[in-house]
Amino acid sequence: MSVIDRVKEHFESQGVKTINVAEWGEEGQPLVIYSKPFTLAEKRNLFKGAKNDDLGVLVDAIMLKARDKDGNKVFKLDDKQVLLNNADPEVIARVATEILNSNYEEAEKK
């Protein structure tokens, strides 16, 4: 196997991370967000033009990577302003940090 094949195999083996968000759940159950690791191209686009104090990148990360169990995006573009202006910033920060965290060792392999 070539080096580049091993690089691709490693990335593909990282699996899907699950994030439980109790604050956004219903009927006593947390919202479960699924997230695959960022590619370098996705991270480049996410951080392109962002200033050091631009916390909007947290919302962008959630919108880009948050999926439901079927792989569908959890949030639509129309939801961005609500997430920026009408959501608990601590929850946004926690969820975005988990999505951005590159440690997918405990992720479910899919």
Side-chain angles (χ1 to χ4, degrees):
M1 181 181 288
S2 71
V3 172
I4 199 66
D5 288 335
R6 292 191 310 265
V7 169
K8 290 185 334 188
E9 182 179 275
H10 170 258
F11 182 76
E12 292 166 1
S13 74
Q14 291 186 29
V16 176
K17 181 182 285 189
T18 58
I19 302 163
N20 292 308
V21 188
E23 299 89 343
W24 296 347
E26 61 183 353
E27 298 177 9
Q29 297 296 315
L31 170 68
V32 179
I33 292 176
Y34 299 84
S35 176
K36 289 185 178 182
F38 272 90
T39 66
L40 193 56
E42 287 173 329
K43 278 194 175 185
R44 180 185 62 205
N45 287 337
L46 182 67
F47 292 110
K48 186 188 299 182
K51 299 179 178 86
N52 288 339
D53 61 350
D54 184 4
L55 296 178
V57 74
L58 300 176
V59 168
D60 292 338
I62 293 170
M63 292 187 59
L64 179 64
K65 298 303 280 187
R67 300 285 195 264
D68 65 16
K69 66 180 179 182
D70 298 320
N72 301 309
K73 285 190 169 195
V74 173
F75 298 105
K76 305 177 303 266
L77 187 56
D78 294 347
D79 298 326
K80 183 172 184 173
Q81 290 306 311
V82 173
L83 292 171
L84 284 169
N85 298 301
N86 301 101
D88 184 336
E90 298 301 320
V91 176
I92 294 287
R94 187 182 79 237
V95 172
T97 298
E98 287 200 45
I99 288 173
L100 287 164
N101 183 356
S102 59
N103 183 1
Y104 278 70
E105 289 178 13
E106 295 179 17
E108 177 183 337
K109 304 296 182 185
K110 288 197 173 190

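Looking only at distances, a side-chain donor or acceptor of R6 sits under 3.5 Å from a matching main-chain atom of M1. No side-chain donor-acceptor contact under 3.5 Å links D70 to the backbone of N72. Proximity of a side-chain donor or acceptor of E98 to a complementary backbone N or O of V95 within less than 3.5 Å is not detected.
Rounded to the nearest 0.5 angstrom, E9 CD and S2 OG are separated by 10.0 Å. Summarising the geometry, atom CD1 belonging to I33 is positioned 6.5 Å from atom CD1 belonging to I62; distances are rounded to the nearest 0.5 Å. Atom CG of L100 sits about 6.5 Å away from atom CG of L46, to the nearest 0.5 Å.
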Please report, to 0.1 Å, the donor-acceptor pairs under 3.5 Å made by any side chain of residues 73-86, with sequence neighbours excluded.
residue	atom	partner	partner atom	Å
D79	OD2	K76	N	2.7
K80	NZ	D60	OD1	2.8
Q81	OE1	N85	ND2	3.1
N85	ND2	Q81	O	3.1

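Looking at heavy atoms from C-beta onward, Y34 lies out of side-chain contact with K17 at the 4.5 angstrom threshold. Between V7 and D5, every side-chain heavy-atom pair lies at or beyond the 4.5 Å cut-off. Taking the side chain as every heavy atom from C-beta outward, P30 and W24 never approach each other to under 4.5 Å. Residues L64 and E42 form a side-chain contact, since some pair of their non-hydrogen atoms from C-beta on lies under 4.5 Å apart.
Among V21, L58, D88, I19, the single residue meeting the side-chain contact (heavy atoms from CB on, under 4.5 Å) criterion with R94 is V21.
Here the closest heavy-atom approach between residue A61 and residue I99 is recorded as O-CG2, 4.1 Å. When every heavy atom of H10 is checked against every heavy atom of S13, the shortest pair comes out as O-OG, 2.8 Å.
A cation-pi arrangement, defined by a distance under 6.0 Å to the six-membered ring centre and an angle within 45 degrees of its axis, is present between K65 and F38.
Shown here are the side-chain contact (heavy atoms from CB on, under 4.5 Å) partners of N45, two or more places apart in sequence or in another chain: K48.
Under the 4.5 Å side-chain heavy-atom criterion for grouping Ile, Leu, Val, Met, Phe, Trp and Tyr, F11 is not connected to V16 through any hydrophobic cluster.
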